[in-house]
Structure formats: structure tokens, C-alpha cells
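The structure under discussion appears below in the form of C-alpha cells.
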Amino acid sequence: MRLDRANPQPFYHYFNNSWTPIRSSSDITKNPSTSNLRQSYSKNVTRIRLTTWNIDFQTPHGHERMAAALEYLSHQHRTQHDDETPSIIFLQEMVGSDLQLIQESGWVQEKFFITDTSSDYWRGSYGTTTMIDKQLVVRRVFRVPYSNSGMERDGLFVDVDVGPPGPEGECILRLCNTHLESLVSHPPRRPVQLHLASSFMHGSGPAPVPEDEGMYAPPTPHAAILAGDLNAFAPEDRSAPEECGLRDAFLSLGGREGTEESFTWGQQVPDWMREQFGCSRMDKILYCGGVEAKSLKRIGEGVTVTVNSQGDHSDSEDENYSNEEVWVTDHLGLQGEFEVLSSSC
């Protein structure tokens with residue numbers, strides 16, 4: 001894995017009761033065994049729905065919480081008013097058992113490609129994963145590790161077609177799912193990580209140095225959207241998006257910093273944690289190029305699951321246990337709708 005550079009990886013589609021790795025949507029139609037799965041190559045995508053949510057991996061009852069999160073997302077997906085709008089779902093702080101639950105979910109098998117079936121392409125024990133609506137034509141998936149990350153973080157990129165190819169090549173929307181560094185550091189690490197991710201949103205990434213000749217360089221996109229847990233709680237995090245040439249969906253749609261409506265973290269944590277750290281707008285959706293934010297809302301507020309307070313000991317002879325309601329995660333998620341602006345790709 002090359003740090004700060006694009007590292008290609010496969011993604012997966014569900015066929016014959018298993019998840020099959022592919023490198024692009026065209027692999028489906030090239031394979032005779034999947035000829036009955038021929039995709040509808042809608043070459044003009046005019047609108048897209050993006051959901052991002054961090055499901056805390058450190059809190060107990062991870063299996064129950066993730067199952068409840070997927071049930072909630074399934075309900076969200078079923079009740080969308082415009083079924084023709086393709087959906088992308090970004091998830092952060094995934095662990096192996098989360099990926100297993102995703103793979104076993106019938107609605108995911110039917111409607112989505114997924115970027116990960118294991119932790120093979122993560123740098124650490126937890127990571128990001130993306131679900132991609134099968135209505136979309138996927139050109140490539142790649143990860144860009146952050147070399148300055150002490151927490152083995154990266155950007156997970158997915159390129160999808162949004163229009164017919166033009167004189168300069170593909171017309172793609174580049175989607176980046178990321179989880180920036182969590183802690184305070186000197187010098188700050190998150191702005192550097194966002195700057196690297198934004199270089200791939202604006203183009204093909206950092207200019208190659210001589211020893212990098214022949215490195216993998218994805219094409220320049222028509223537009224790009226980045227979303228995830230940006231851990232934006234420090235002063236430098238407010239100015240970083242603009243410094244990287246990115247627009248903030250919340251602010252573009254009239255939102256104001258420091259308001260209750262802006263916060264995505266702090267509402268669903270223990271009282272002592274809220275008193276110590278307050279509430280903050282850790283999660284954001286940023287964008288650039290030929291795309292425009294049309295709506296944005298928080299999701300996941302108040303979503304809980306009933307768990308056994310004794311955990312694995314519930315089957316013992318000691319019946320001195322009780323059920324309790326726990327939050328599915330400490331973050332609220334975001335769901336935004338974007339218009340893809342026409343272009344001459």
C-alpha cells in the first residue's frame with residue numbers, strides 16, 4: 001500500500017448467493033455467467049442521495065447496535081419518496097462483524113454494491129465501507145491512506161458515471177468516504193488529511209515525483225463529494241474546507257455554525273462526556289465541481305436498541321439482569337441530496 005497515493009481495490013456485487021469481487025461495473029456484462037445481470041447503464045445521472053453515519057465501534061453491544069442501525073437504514077431506504085434517485089451510503093468505524101451483517105442483509109444484497117467484505121483493505125482493525133446503488137455505473141474504487149495518521153485512517157473513493165464520455169474522457173462523480181484523525185495534535189493533522197483528499201476531488205491527486213512514474217492516477221472528475229466523520233471540533237477545522245476549495249453543504253443551504261441544528265455529536269453520549277466536551281459538528285458533507293447541494297438533514301436521532309445489561313452472561317443461572325435501551329451510536333448521521341449539473345464531459 002502506497003501512502004498518500006491511490007490504491008485500487010475491488011468492490012462486490014451479490015450473485016448466486018455470494019458476494020463476487022469486480023473492478024468496474026463493466027465486469028458484470030463481460031462475464032457470461034452474469035449476463036442475466038446486465039445493468040441499465042443510465043448515462044445521465046441528474047440527482048444523487050448520500051447518507052453518512054459513524055457507528056461507534058467501542059461501545060458494548062456492537063452486534064445489536066449495528067443490526068439496529070441497518071434496520072433503520074433499510075427503513076429509510078424503503079420510505080424514500082423518489083425511488084429513482086440513486087443512493088450512496090457511507091459508514092465509518094466498521095469492524096469485521098459489521099461487514100458480515102451488511103453482507104447478510106437482504107435489502108443490501110438486492111439493491112447495492114459494497115466496497116468491502118473483510119478488513120483486507122483497511123490499515124487497522126476498523127475502517128470505512130461504502131454501499132453503492134446498483135443503478136449507478138461504477139468505474140473504480142480506490143483508497144488513499146493518510147501518511148500522517150496515527151490512527152491508520154484513509155479516504156475511500158468511488159467513481160461513478162454521471163454522463164456520457166466527452167473529449168477529455170469519462171464524466172464521473174467522485175465520492176469520498178472518510179474518517180479524519182480523532183484527537184488534538186500539534187501540528188494539526190486533519191487539515192493535512194482533508195487537503196490530500198481534496199486533491200483527488202479536484203483532480204487526480206498529488207503531482208507525481210520522479211520515483212512515482214507509472215503510479216495509478218485516476219482521471220479528473222466532473223464533480224466530487226466528500227462526507228464522513230471529520231472530527232471537526234477545533235478552530236482549524238472550520239477554515240479547512242474553504243482552504244481546500246470545498247463547499248460545505250450545511251452552510252451552503254443556510255445553516256449556521258454553533259447552532260443546535262448544526263451538531264452531530266454530543267446529544268447521544270453520557271452526561272459527563274457532554275459536560276466535558278460539549279456538542280459539535282463533527283460530521284460534514286463537502287463538495288466541489290459540477291454538483292449542487294439541494295437538501296440536507298440529520299438522521300439517526302434517538303435511535304436505540306434494547307440490550308441485555310448483562311451481555312454474554314444473560315444465559316447463566318443468575319437471573320439478576322435487566323434490559324436497557326442504548327443508543328445505536330454516539331453520532332447523528334447526515335443525508336444530503338445533490339443535483340449533478342450538466343456538463344460537456
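Basis for what follows: all heavy atoms, side chains included, without hydrogens, waters or symmetry-related copies. Keep in mind that this is a model prediction, so the values were computed, not measured.
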Is the side chain of His202 donor-acceptor paired with the backbone N or O of Cys244 at a distance under 3.5 Å, no angle test?
yes

Below 4.5 Å, heavy atoms only, C-beta onward: do Thr130 and Leu175 meet side chain to side chain?
no

Main chain of Arg47, side chain of Thr85: is a donor-acceptor contact present, judged purely on distance under 3.5 Å?
no

The reported gap from CG in Asp133 to CD1 in Ile88 (rounded to nearest 0.5 angstrom) is 7.0 Å

Please list, chain by chain and in numerical order, all residues satisfying side chain to side chain donor-acceptor pair (under 3.5 Å) with Ser204, sequence neighbours excluded.
none

Would a 4.5 Å heavy-atom cut-off, applied to side chains only, mark Trp107 and His77 as touching?
yes

If you measure from NZ on Lys284 to CG on Leu194, what distance do you get to the nearest 0.5 Å?
9.0 Å

Taking only residues two or more places apart in sequence or in another chain, which ones pass side chain to side chain donor-acceptor pair (under 3.5 Å) with Ser239?
Glu243

Considering all heavy atoms of both residues, which atom of Leu196 and which atom of Pro145 are nearest to each other, and what is their separation?
CD2-O, 3.8 Å

Report whether Val192 and Leu180 are members of the same hydrophobic cluster (ILVMFWY, side-chain heavy atoms less than 4.5 Å apart, transitive linking).
no

Sole candidate of Ile285, Leu50, Ile299 that passes side-chain contact (heavy atoms from CB on, under 4.5 Å) when paired with Leu334:
Ile285

Between Leu99 and Thr129, does the side-chain contact (heavy atoms from CB on, under 4.5 Å) criterion hold? Intermediate values first, please.
CA-CA 8 Å; Leu99 297 181; Thr129 197; 4.0 Å; yes

Polar side chain donor-acceptor pair, Gln268 to Asp330, under 3.5 angstrom:
no

Using 4.0 Å as the upper bound for N to carboxylate O, is an ion pair formed by Glu337 and Lys294?
no

The ring pair (Phe, Tyr, Trp, His ring centres under 6.0 Å) partners of Tyr72 (sequence neighbours excluded) come to Trp53

Sequence neighbours excluded, every pair satisfying ring-ring contact (aromatic ring centres under 6.0 Å, His included) that has a member inside residues 150-186:
Phe142-Phe157, Phe157-Phe200

Below 4.5 Å, heavy atoms only, C-beta onward: do Met201 and Leu226 meet side chain to side chain?
yes

With sequence neighbours excluded, residues passing ring pair (Phe, Tyr, Trp, His ring centres under 6.0 Å) with Trp122
none

Of all heavy-atom pairs between Leu286 and Asp248, which one has the smallest distance, and what is that distance?
CD2-CA, 3.7 Å

Will you find, in the side chains of Thr264 and Arg281, an N or O donor that is under 3.5 Å from an N or O acceptor?
no

Is a donor on one side and an acceptor on the other found under 3.5 Å between the side chain of Arg274 and the backbone of Val269?
yes

Check: His331/Asp283 side-chain N/O donor and acceptor closer than 3.5 Å:
yes

Could you work out, with side chain to side chain donor-acceptor pair (under 3.5 Å) as the rule, every residue matching Ser118, not counting sequence neighbours?
Asp120

Would you indicate whether the side-chain heavy atoms of Ser97 and Met66 approach each other to under 4.5 Å?
no

Taking side-chain contact (heavy atoms from CB on, under 4.5 Å) as the criterion, tell me which of Val162, Ile172, Val291 meets it with His222.
Val162

CD1 (Ile132) and NZ (Lys111) are apart, to the nearest 0.5 Å, by 16.0 Å

Can you hop from Phe90 to Met151 via hydrophobic side chains spaced under 4.5 Å?
no

Using the rule that Ile, Leu, Val, Met, Phe, Trp and Tyr join whenever any side-chain heavy atoms are under 4.5 Å apart, tell me whether Phe112 and Trp19 fall into a single cluster.
yes

Partners of Ser252 by side-chain contact (heavy atoms from CB on, under 4.5 Å), sequence neighbours excluded?
Arg247, Tyr287

Report yes if the side chains of Ser24 and Arg140 come closer than 4.5 Å at any heavy-atom pair, otherwise no.
no

Heavy atoms of other groups near Glu242 CD, more than 12 under 6.0 Å:
no

Output yes when a side-chain donor or acceptor of Gln109 lies under 3.5 Å from a complementary backbone atom of Gln103, and no otherwise.
yes

Going by distance alone, is a donor N or O of one side chain under 3.5 Å from an acceptor N or O of the other, for Thr306 and Asn323?
no

Please say yes or no: joined through hydrophobic side-chain contacts below 4.5 Å, possibly via intermediate residues, are Leu91 and Leu332 part of one cluster?
no

For the residue pair Thr46 and Val340, establish whether any side-chain heavy-atom pair is separated by less than 4.5 Å.
no

Are Glu181 and Arg190 ion-paired here, with the side-chain N under 4.0 Å from a carboxylate O?
no

Pairing residues for Phe57 by the ring pair (Phe, Tyr, Trp, His ring centres under 6.0 Å) criterion, not counting sequence neighbours:
Tyr126

Backbone N or O of Thr259 within a donor-acceptor pair of the Ser262 side chain at under 3.5 Å?
yes

Indicate yes or no: does Glu152 engage Arg123 in a salt bridge with an N to O separation below 4.0 Å.
no

How about Arg256: does its CZ atom have over 12 heavy atoms from other parts shown lying under 6.0 Å from it?
no

Qualifying residues under side-chain contact (heavy atoms from CB on, under 4.5 Å), relative to Glu324, sequence neighbours excluded
Val307, Ser309, Val326

Distance (rounded to the nearest 0.5 Å) between Asn54 CG and Met94 CE
7.5 Å

What closest approach, in Å, do Gln92 and Asp229 show between heavy atoms, and which atom pair accounts for it?
OE1-N, 3.5 Å

Testing the basics here: between Gly150 and Arg189, what is the closest heavy-atom pair and its distance to 0.1 Å?
N-NH1, 2.9 Å

Closest non-hydrogen atom pair between Arg65 and Pro60, with its separation
NE-O, 3.0 Å

Identify whether Met273 and Trp327 are in the same connected component of the hydrophobic contact network (ILVMFWY, side-chain heavy atoms under 4.5 Å).
no

With sequence neighbours excluded, what pairs up with Phe11 under the ring pair (Phe, Tyr, Trp, His ring centres under 6.0 Å) test?
Phe113

Between Gly155 and Thr178, the two heavy atoms sitting closest are CA-OG1, 4.0 Å

Within a strict 4.5 Å, meaning less than it, do heavy atoms of the Leu173 and Pro221 side chains meet?
no

Would you check if the side chain of Asp56 reaches a backbone N or O of Gln58 as a donor-acceptor pair within less than 3.5 Å?
yes

For Arg153, which residues count as a salt bridge (charged side-chain N to carboxylate O under 4.0 Å, His left out) partner, sequence neighbours excluded?
none

Report yes if some heavy atom in the side chain of Asp116 is under 4.5 Å from a heavy atom in the side chain of Tyr121; otherwise report no.
yes

Nearest 0.5 Å, please: how far is CZ in Arg139 from OG in Ser26?
6.0 Å

For Glu260, enumerate each residue passing the side-chain contact (heavy atoms from CB on, under 4.5 Å) test, keeping only those at least two apart in sequence or located in another chain.
Gln267, Arg298

Nearest 0.5 Å please: distance from the CG atom of Leu230 over to the OG atom of Ser280.
11.0 Å

Using ring centroids (six-membered ring only for Trp), state whether Phe233 and Trp265 fall under 6.0 Å.
no

